[in-house]
Amino acid sequence: MVAQPVVSAVCHKLPLLGKLIPQAKAQQLALVAGGGGFLGSHFVDALLTLGYHVWVIDSWHSGNTANLAWATAHYPKHLKVLTADVSQANVVDVLQAELADSKLTLALVAHLASVASPPRYQQCPLHTLMSNINGTQFLSKLAAQHGCTFLLASTSEVYGDPHVHPQPETYWGNVNPVGARSCYDEGKRTAETLAYLAAHSPTELPYQPGFAVRIARIFNTFGPRMHPADGRVVTNLLRQALAGQPLTVYGTGQQTRSLCYVSDLIDGLLRLALLPALAVPEHTPWLAPINLGNDTPITMLALANAVAELYPTAGSVVFEPLPADDPQQRCPELSRAKTLLGYAPTTPWQQGLADTLAYWQNHVNVCTV
Ligand code: UDP
């Protein structure tokens with residue numbers, strides 16, 4: 001009888017796991033930069049469950065070793081954690097030395113190493129910018145040399161404050177290059193350009209057969225392991241509701257977001273990184289970016305009112321100034337993800353809030369911030 005893999009609470013919700021588990025992944029290595037972060041650590045758990053060996057690279061700017069507790073407890077022999085900063089050139093030497101000593105075959109390099117919360121990345125703008133730019137340059141080159149897939153975690157922020165709604169991948173965006181958010185927005189836009197060049201400039205950037213570039217444009221995502229004090233709207237409202245504090249709504253609250261629960265997002269990332277059916281036309285390494293997220297928009301005021309109704313301890317709504325360059329609307333157009341990946345988010349945000357809350361209650365230490 002084949003032993004069933006141990007699966008984390010979030011990964012239990014992934015429809016793809018059952019389909020990919022039978023594939024033999026022995027001795028295959030996935031390298032996850034930012035694997036100690038919110039999204040990165042769930043992606044690590046999913047890859048381990050699928051049978052990959054996983055090396056996490058993290059600078060611990062916003063990552064947290066506690067996010068890897070589940071992986072460490074259940075897959076200690078398949079997990080290695082390296083402290084390194086993808087914005088620094090020596091990251092390549094560190095990785096090449098580790099790879100030379102290993103018998104594993106590099107199958108995937110995933111770049112999820114960037115602070116992603118607007119108030120947090122504005123505290124370290126240069127590091128945010130360079131993690132995205134240098135990190136993409138170094139890690140895509142590594143993937144090219146090893147002839148494996150390079151997955152870039154890009155963002156809906158490449159659309160800026162969009163004039164087109166919902167946003168299809170073909171929309172070029174409306175981004176302020178010299179504003180509060182530009183370190184992140186332009187960092188991700190340049191990262192996409194670098195990934196594009198890695199796939200299109202073989203004379204300057206030679207690659208081995210098997211090299212593939214995949215870019216996920218990730219829309220607002222939330223769930224367990226997001227830091228309660230990270231400053232984003234879901235964590236703020238949930239934390240405020242639990243503490244009996246007023247619920248902060250910025251501006252008039254008429255701006256919209258669409259909120260994706262983390263298991264849906266990880267499902268999309270796995271599909272994009274691993275689906276063998278993703279045949280690329282003419283065998284080029286390039287596949288144009290794909291939106292991932294949830295496509296049900298809600299105004300921030302409606303969200304706060306719903307949180308107030310769901311959680312009786314919540315205080316009333318208070319309005320605070322709208323931060324600079326805050327997009328008015330944001331919602332992914334998902335038809336490309338649906339057609340190419342069979343992707344369809346399934347978790348309503350109300351369920352996601354309940355699951356996030358349950359996680360916080362089971363991890364008392366994450367709430368003492
Ligand atoms: N927001 C809010 N109250 C908060 C935090 C954020 O009303 O306590 C708003 C913010 O102005 C933005 C939206 O919620 O319009 C989403 O903000 P978040 O920081 O979560 O992510 P963004 O989509 O802006 O990157």
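For ligands, and for the atoms within them, numbers begin at 1 and follow the listed sequence. What's counted below: heavy atoms across the whole structure, side chains too, no hydrogens, waters or symmetry copies. Every value quoted in this text rests on a predicted model; they were computed, and no experiment measured them.
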field: Basic-acidic side-chain contact under 4.0 Å: Glu192, Arg217
entry: yes
statement: In short, salt bridge (charged side-chain N to carboxylate O under 4.0 Å, His left out) pairs touching residues 96-119 with sequence neighbours left out are Lys80-Glu98
- prompt: Do Arg181 and ligand 1 have an N or O pair less than 3.5 Å apart?
  reply: yes
message: Out of all atoms in ligand 1, which are within 4.0 Å of some heavy atom of Arg330? Include the element for each.
response: 22 (P), 23 (O), 25 (O)
statement: For Met300, the ligand 1 atoms with a heavy-atom partner under 4.0 Å come out as 13 (C), 14 (O)
- prompt: Atom CG of Asp58 and atom OG1 of Thr65: how far apart are they, to the nearest 0.5 Å?
  reply: 9.5 Å
message: Using a strict threshold of under 4.0 Å (side-chain N to carboxylate O), is an ion pair present between Arg271 and Asp267?
response: yes
Side chain, backbone, both or neither: Arg232 near ligand 1, heavy atoms under 4.0 Å: both
Qualifying salt bridge (charged side-chain N to carboxylate O under 4.0 Å, His left out) pairs with a residue from residues 297-321, counting only residues at least two apart or across chains: none
query: By number and element, which atoms of ligand 1 are closer than 4.0 Å to a non-hydrogen atom of Val249?
result: 7 (O)
field: Close N or O approach (Pro118, ligand 1; < 3.5 Å)
entry: no
message: Check this for me, if you would: do Asp45 and Arg225 make a salt bridge, where the nitrogen-to-carboxylate-oxygen distance has to be below 4.0 angstrom?
response: yes
statement: Value for OH (Tyr171) from OH (Tyr159), rounded to nearest 0.5 Å, stands at 10.0 Å
query: Can you tell me which residue and heavy atom of the protein come closest to atom 16 (C) of ligand 1, and the distance to 0.1 Å?
result: Arg257 NE, 3.6 Å
- request: First locate atom CD of Gln137, then atom CG of Leu197, and finally report the distance between them rounded to the nearest 0.5 Å.
  value: 9.5 Å
statement: Closest heavy-atom approach to atom 18 (P) of ligand 1 among Leu303, Val317, Thr221, Val233 is made by Val233
- line: Atoms of ligand 1 under 4.0 Å from any heavy atom of Glu157, numbered from 1 in the order shown, are 25 (O)
message: Could you check whether Tyr261 and Phe222 have their ring centres less than 6.0 Å apart?
response: yes
task: Show which atoms of ligand 1 fall inside a sub-4.0 Å distance from at least one heavy-atom site of Asn220.
output: 21 (O), 22 (P), 23 (O)
statement: Taking only non-hydrogen atoms of Asn236 and a 4.0 Å limit, the atoms of ligand 1 in range are 4 (C), 5 (C), 8 (O)
field: Protein contact to atom 7 (O) of ligand 1 [nearest heavy atom, distance to 0.1 Å]
entry: Tyr250 N, 2.8 Å
message: What protein heavy atom lies closest to atom 11 (O) of ligand 1? Include the residue and the distance to one decimal.
response: Asp326 OD2, 2.6 Å
- request: Using a 4.0 Å heavy-atom threshold (strictly under), name the region of Thr248 that reaches ligand 1: side chain, backbone, both or neither.
  value: both
